[in-house]
Protein chains: 2
Amino acid sequence: MAGSSLAQQAYTQIREEILRGKLAVGDVLSRRKLAERLNMSFLPITEALQRLEAEGLVESRPRIGTRVRIPTQQDVLDSYVIREALETQAARLCCSNITASEREHLLKSAKHLDDLYRASATELEDSPFLFSVHTYHLRFHMKIAEFSRSPRLVQSIECEQVLIYNWLYDTVSHRKALPSGFHSNLAQAICSRKLQLADAGMRKHVRFGLEDVMKSIANMEVEKGWRLRRVD
Amino acid sequence: MAGSSLAQQAYTQIREEILRGKLAVGDVLSRRKLAERLNMSFLPITEALQRLEAEGLVESRPRIGTRVRIPTQQDVLDSYVIREALETQAARLCCSNITASEREHLLKSAKHLDDLYRASATELEDSPFLFSVHTYHLRFHMKIAEFSRSPRLVQSIECEQVLIYNWLYDTVSHRKALPSGFHSNLAQAICSRKLQLADAGMRKHVRFGLEDVMKSIANMEVEKGWRLRRVD
DNA sequence: CTTTCTACCCTGATATATCAAATATTGAAA
DNA sequence: TTTCAATATTTGATATATCAGGGTAGAAAG
């Protein structure tokens, strides 16, 4: 980290703060303030924000300002479409290429994940335990992507995942209990050696919960205009 | 165009030159030379190159140089994996959402495209006619994406398409004749209202020809190191 | 003639300065 | 008190300057 470029450091830092919720949706990001806070000139900051904008985490308008992106219903819908496309592909390739030991690992992880979710049913909404479950869940999905043996696919999924996925964690997820064996069933479908099963299993998995998220987005009242009121 | 930012102009210009082959694979891109040629400082150039790097069209190493990206076999393989993921998703959604008039349009385009390919069988490798066929082919695929009614999906496919797709045009494509009714069959599968048919049809379509491309890449002897010999 | 090493040059990275556009603020006029 | 226009401020965009890392050519040594 210390050896990487300033732009890289800024990117990592800002992204982390957005994902952790330290910077909330709609928050204004002043390049100069950030530069001062991160102790660098605002050029590396600009580069970092350009990358984040390309990834869809922030949005900016020329000579007006930059803010953490406010996702629309269409954004979330689109995100799920892409996720479904990429993750079903990962499931297919994983199904074809997975080794015996990886298969064992995946099945075990799925079982563990289901147990975690069952245990977390009684937890409070913002407990650290829930966050760890969430992290584990993400890792489970990335594991499937890795077993597909397509580095680029892993990268694409990673990029899509964090966009809305992490955001929905804060707003709605875990509201409804998951079906029993939710992840175990998926893992078994993937390990079945049958492409159709793997494909259908993942498709169902991704689509689950989409409606809830859509509803919560609709209820969320956010400033859609560009009134970037200064924060002092 | 004249009203857009310098960075945007640079991006469009450089990208165009890469896609048109004016800048060949492996060519060195000097930010300062580009800045002078495009009549701007090298900051907008830097921003443009960063975007192109994120999209995978160029690659750069700190304090060494930037060049038009040299795709590896793995790159091409990965590109096809992503394309298959995104385009089958487009085919599925298109299958579900297409209107009667759009269906008619799609079927007609497919027929026309098949005719074009049949007519182009006797053309020379680098004829302008072949390029127009290629362009029409691309438009056919984007039409399917549009009919899926997911703007983001269109955008993602657009981004993936140009990367390698256009490149392979120059190196190998059209070497082998396409099966008769290649595109008409795809269009019919998509218009069948049956998801499985649409999915399978597109999957087959995308995979066709992958092997040829892979072979031609293997034979291509390019400098893989970073010997960025100056061009005067 | 070949190998080694050093000085020079080019590269991307970063800092600082300036600009024009758009917003926010203020204060005078109604 | 309200309206509105002039001004101050902030923003992203761009230009220019400087820096340190790495490559290259050519001198020096074998």
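As the structure is a computational prediction, the values presented were derived from the model and not from experiment.
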Note to self: Please report the distance, rounded to the nearest Å, between CE in B:Met40 and P in D:dT16.
What the structure shows: 13 Å
Notebook entry, point to check: Nearest to the side chain of A:Ser5 - D:dT11, C:dA15, C:dT14?
Noted result: C:dT14
Item checked: Distance, rounded to the nearest Å, where B:Ile45 contributes CD1 and C:dA13 contributes P -> 14 Å
Check: Do A:His112 and A:Phe140 have their ring centres less than 6.0 Å from each other?
Finding: no
Next item on the list: Report the nucleotide, chosen from D:dT14, C:dA15, C:dT11, that has the shortest atom-to-atom distance to any side-chain atom of B:Ala7.
Entry: D:dT14
Next item on the list: Could you walk me through whether A:Ile157 and A:His141 pass the side-chain contact (heavy atoms from CB on, under 4.5 Å) test, one step at a time?
Entry: CA-CA 9 Å; A:Ile157 291 175; A:His141 277 266; 5.9 Å; no
Checklist line | Atom-to-atom span, CD of A:Glu47 to P of C:dA13 - whole angstrom | finding: 7 Å
Check: CD of A:Glu36 versus P of D:dT10: gap in Å, rounded?
Finding: 12 Å
Note to self: If the cut-off is 4.0 Å, is B:Thr66 near the phosphate of C:dG12, judged by side-chain N/O to OP1 or OP2?
What the structure shows: yes
Next item on the list: Give the rounded distance in Å between these two atoms: CG of A:Leu6 and C1' of D:dA20.
Entry: 13 Å
Next item on the list: Have a look at the helix from C:dC1-D:dG30 to C:dA30-D:dT1 and give the angle its two end axes make, five pairs each, rounded to 10 degrees.
Entry: 10°
Next item on the list: Kindly determine whether A:Ile82 and B:Gln89 satisfy side-chain contact (heavy atoms from CB on, under 4.5 Å), including the steps that lead there.
Entry: CA-CA 8 Å; A:Ile82 306 275; B:Gln89 181 76 321; over 6 Å; no
Margin query: For a quick test of reading the model: is some side-chain N or O of A:Ser30 closer than 4.0 Å to OP1 or OP2 of D:dT10?
Written below: no
Next item on the list: State, to 0.1 Å, how close A:Arg31 and A:Phe42 come at their nearest heavy-atom pair, and which atoms those are.
Entry: O-CB, 3.8 Å
Where do N or O atoms of nucleotides 20-22 of chain C meet protein N or O atoms at under 3.5 Å, pair by pair?
unit_1	atom_1	unit_2	atom_2	d
C:dA20	N3	A:Arg63	NH1	3.3

Notebook entry, point to check: Between the side chain of A:Arg149 and the main-chain N/O of A:Phe147, is any donor-acceptor distance below 3.5 Å?
Noted result: yes
Item checked: A:Arg31 side-chain N/O to D:dA13 phosphate OP1/OP2 under 4.0 Å -> yes
Checklist line | Spacing of A:Phe42 atom CZ relative to D:dT14 atom P, expressed in whole Å | finding: 11 Å
Next item on the list: Just jot down the ring pair (Phe, Tyr, Trp, His ring centres under 6.0 Å) partners of A:His105, sequence neighbours excluded, or say none.
Entry: none
Check: What about the rings of A:His205 and A:His183, do their centers lie closer together than 6.0 Å?
Finding: yes
Next item on the list: Would you mind reading off the distance between B:Asn39 atom CG and D:dT14 atom P, rounded to a whole angstrom?
Entry: 13 Å
Notebook entry, point to check: Taking CD from B:Gln50 and P from D:dA13, how many angstroms apart are they, rounded to a whole number?
Noted result: 13 Å
Check: So, do A:Arg32 and A:Ile45 sit near enough that their side-chain heavy atoms are less than 4.5 Å apart?
Finding: no
Check: Among D:dA17, C:dA15, C:dT11, which is the nearest nucleotide to the side chain of B:Lys33?
Finding: C:dT11
Notebook entry, point to check: Can a donor-acceptor pair under 3.5 Å be found between the side-chain atoms of A:Arg32 and the base atoms of D:dG12?
Noted result: yes
Margin query: Using a heavy-atom cut-off of 4.0 Å across all strands, would you classify A:Leu49 as base, sugar-phosphate, or nothing?
Written below: nothing
Check: Yes or no on side-chain contact (heavy atoms from CB on, under 4.5 Å) for A:Leu38 and A:Gln9, after CA distance, side-chain angles and deciding distance?
Finding: CA-CA 9 Å; A:Leu38 300 187; A:Gln9 290 176 38; over 6 Å; no
Checklist line | Pair A:Arg92 + B:Glu84, salt bridge at N-O below 4.0 Å | finding: no
Check: With a 4.0 Å cut-off on heavy atoms, is A:Leu43 in touch with a base, just the backbone sugar-phosphate, or nothing at all?
Finding: base
